[in-house]
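Keep in mind that what you see is a predicted model, and the values were worked out from it rather than measured. Values reported hereafter were calculated over all heavy atoms of this structure, with side chains retained and with hydrogens, waters and symmetry mates removed. Throughout, protein chains are lettered first and strands after them, A, B, ... in sequence-line order, and every chain is numbered starting at 1.
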Amino acid sequence: MEDSIPKMRVENLDVSYFDKQALFSINLDITKNNITALIGPSGCGKSTFLRCLNRMNDVIDGCVVKGKVELDGSTIYDQRIDPVTLRAKVGIVFQKPNPFPKSIYDNVAYGPRIHGLANTNSELDDIVEKSLIRAGLWDEVKDRISDSGTSLSGGQQQRLCIARAIAVNPQVLLMDEPCSALDPIATARIEELMDELRNRYTIVIVTHSMQQAARVAQYTAFFHMGYLVEKGATEKMFTTPDDKRTQDYITGRFG
Amino acid sequence: MTLIIFLILFAAVFGYYIAQSKAATISLTQGKKLNSLPIYHGLYVLTLTVLPLLLIILFWMLCKGYFLDKILFSILENEFVNLNFDQINLLAAKLKNMYVSQLVSQETDPNLIRVYQEYLLYEENISIYFNILVFFLSILIIFFLLKKIKLDFPARKKIERLLTIVFFLASIVAVLTTVGIISSLFFETVRFFDKINPLDFLFGLEWSPQTAIRSDQVAAQGAFGIIPLLVGTLLTTLIAMFVAVPFGLMSAIYLSEYAHPRTRAIIKPALEILAGIPTVVYGFFAAITVAPFIRDLGDLLGLEVASESALAAGLVMGIMIIPFVSSMSDDVITAVPRSLREGSWGLGATRSETILQVVLPAALAGIVGSVLLAVSRAIGETMIVVMAAGLAANLTFNPLEAVSTVTVQIVTLLVGDQEFDSAKTLAAFALGMTLFFFTLILNVIALAFVKRYREVYE
């Protein structure tokens with residue numbers, strides 16, 4: 001995998017909430033057009049890490065981030081960088097589907113409208129349609145595009161959120177346990193989708209399910225108690241992990 | 001009446017202790033566990049004694065007058081056989097007046113005095129008999145209940161059912177009061193409409209309720225057109241909402257979305273203090289400070305401003321309502337799930353974009369509800385308009401003139417010595433009914449909005 005160029009690079013990242021340190025000197029490269037899975041027991045800091053990648057932690061009181069996070073070689077924790085524009089490049093999908101209480105169309109059109117991505121209505125229609133197609137939702141909703149986004153099923157809502165995220169044309173897509181609120185069929189659908197999406201986007205996913213990491217991710221990083229214990233190709237991690245803790249977690253001895 | 005209530009309570013408490021110890025003794029002598037703890041047996045006796053008897057006493061107090069009237073009537077009928085129904089009615093009223101004012105000495109007709117004595121005797125005896133009856137009834141109930149105490153008597157379960165009844169009765173009190181108020185309003189309004197044509201009332205363009213109190217008095221025929229009052233109410237309410245909605249909403253947004261917890265900890269209590277100021281204080285603030293200020297300002301700009309104006313009253317009323325709007329909107333906005341905000345931020349939206357395009361639309365129904373509740377409060381507000389809007393019922397949309405509102409007129413109609421069945425006094429009830437009708441409709445709409453909002457997020 002030497003040909004992969006890191007899309008994002010994290011160096012010596014420390015994060016703390018007030019006095020409590022949540023992450024300790026994390027180093028991780030995220031390679032382009034791959035899926036990187038972050039696994040580990042609850043409270044290990046993997047969601048905190050994910051939220052550092054598009055500065056979603058900025059809005060949390062008392063959160064202090066130290067260290068370096070780079071996107072395409074330029075640091076994102078910089079006075080000159082506007083987190084708002086950064087988040088347009090590094091999109092995020094949350095654990096619980098959170099469609100806005102607007103129509104399906106307006107949900108997807110929300111980002112493009114804010115960033116002025118479309119000059120005409122037909123351009124906007126195009127973006128919405130394309131995003132919904134890529135999120136694998138178009139066929140299910142094309143006849144009721146003006147229904148409320150909240151009227152969809154859980155799995156459809158999550159795909160709507162993915163469509164909404166990719167409508168602003170991000171380079172990186174962060175997913176924070178995107179399937180934990182969904183049933184197995186909807187989960188399978190989203191996993192399929194992730195595999196299709198990785199051609200266009202770099203994906204980082206936090207997951208509690210080791211099977212899911214094994215199924216979808218090319219790279220995996222194992223977090224434990226705020227430390228990045230082990231990282232590498234998924235296959236190797238799941239077959240011959242270097243660290244005892246990784247082995248214990250993967251085999252289900254704790255977590 | 002107080003004595004008998006005390007006696008019943010005493011008997012019931014006595015019954016409580018006996019029942020408790022009896023239950024405990026049964027359990028001890030038979031060496032088995034009771035179905036319910038002794039205290040439940042005690043409570044069972046206590047509540048089942050007190051509750052029905054209090055209800056009986058309440059019922060008696062309500063219809064005692066009716067029974068006494070019947071008795072008085074039959075005495076009079078026997079005594080004065082030659083009188084017709086109306087004359088007996090008159091006598092009965094006279095006697096009751098005597099009873100109330102205790103002016104027996106002035107009466108000269110010996111027959112009537114005799115009847116009065118007889119009536120007094122009845123009145124006294126009937127109360128004594130009732131008290132004795134009720135007391136024995138309580139003893140009887142206690143004995144009957146004590147007999148029922150057995151090892152497997154499910155007193156605990158019964159108490160549960162009794163408590164349901166107690167809670168139900170408590171909730172009925174508010175409902176009954178409302179029904180009572182509405183019906184009293186309703187009947188007086190009907191009486192008013194006997195004197196004044198409802199169409200004149202609802203569509204009349206002039207309000208001047210000065211009618212002759214005595215038939216020999218010279219006075220203008222009163223005009224009871226409600227339109228000027230409704231327009232005045234509408235005008236002051238509108239002005240108030242123009243102040244309260246933007247300021248209330250924006251401060252709610254600031255408090256819920258932007259304010260640092262420390263800032264919030266200062267501003268929120270300050271707003272609540274604003275809500276705690278008595279309306280009469282707002283009233284003289286409006287009349288003494290704001291109204292002259294507006295008049296002077298008007299003079300400066302070359303405008304004709306009345307010293308009491310709709311503008312002054314409306315402005316101060318708006319300030320009074322700000323905390324109302326802001327605290328309710330704050331609750332509604334805070335209740336919008338954080339995940340929606342994060343979803344919007346995650347797409348690269350700024351805070352204000354998120355608020356305007358995601359949070360406010362999501363909270364809209366609740367905000368509309370809170371604004372409508374504020375409107376119904378503004379409509380019903382009295383003190384400020386009494387002091388600052390004036391009494392002249394001008395039909396005008398000019399906020400710089402004095403206007404009068406529905407509430408102000410109710411106050412002025414009922415203040416001072418009034419004959420109770422004149423159109424002037426009854427008009428207050430008709431106004432009250434109108435006001436009630438409007439605020440009721442507003443509240444129903446507002447609650448429907450709030451409910452719809454809750455359905456989306458819960």
Select all residues of [range] having any heavy atom within less than 4.5 Å of some heavy atom of chain B, and report them by number, or 'none'.
range                       : result
residues 73-98 of chain A   : A:V84, A:R87, A:A88, A:V90, A:G91, A:I92, A:F94, A:N98
residues 159-174 of chain A : A:R164, A:A165, A:V168
residues 103-120 of chain A : A:Y110, A:I114, A:H115

Requested in this report: Could you walk me through whether A:F100 and B:L347 pass the side chain to side chain contact (heavy atoms under 4.5 Å, CB included) test, one step at a time?
Outcome: CA-CA 12 Å; A:F100 304 134; B:L347 290 169; 4.1 Å; yes
Query raised in the report: Of all of B:R351, B:E342, B:Q357, B:R341, which one pairs up most often with chain A through heavy atoms under 4.5 Å apart?
Result: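 Most heavy-atom pairs within the cutoff with chain A belong to B:E342.
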Does atom [atom1] of [X] have more than 12 heavy-atom neighbours, drawn from other residues, nucleotides or ligands, at distances under 6.0 Å?
X      : atom1 : answer
B:R338 : CZ    : yes
B:E160 : CD    : no
A:N199 : CG    : yes
B:Y258 : OH    : yes
B:F397 : CZ    : no

Requested in this report: For A:K7, check salt bridge (Lys or Arg N to Asp or Glu O under 4.0 Å) against everything at least two apart and list the hits.
Outcome: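 Per chain and number, A:K7 pairs via salt bridge (Lys or Arg N to Asp or Glu O under 4.0 Å) with A:D72.
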Query raised in the report: Where do A:D61 and B:P261 come nearest, in terms of heavy atoms and distance?
Result: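 Heavy atoms only, the tightest pair is OD2-CG, 4.2 Å.
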Report task. Would you mind reporting whether A:N54 and B:W345 have side-chain heavy atoms less than 4.5 Å apart? Result ->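 No, side chains not in contact.
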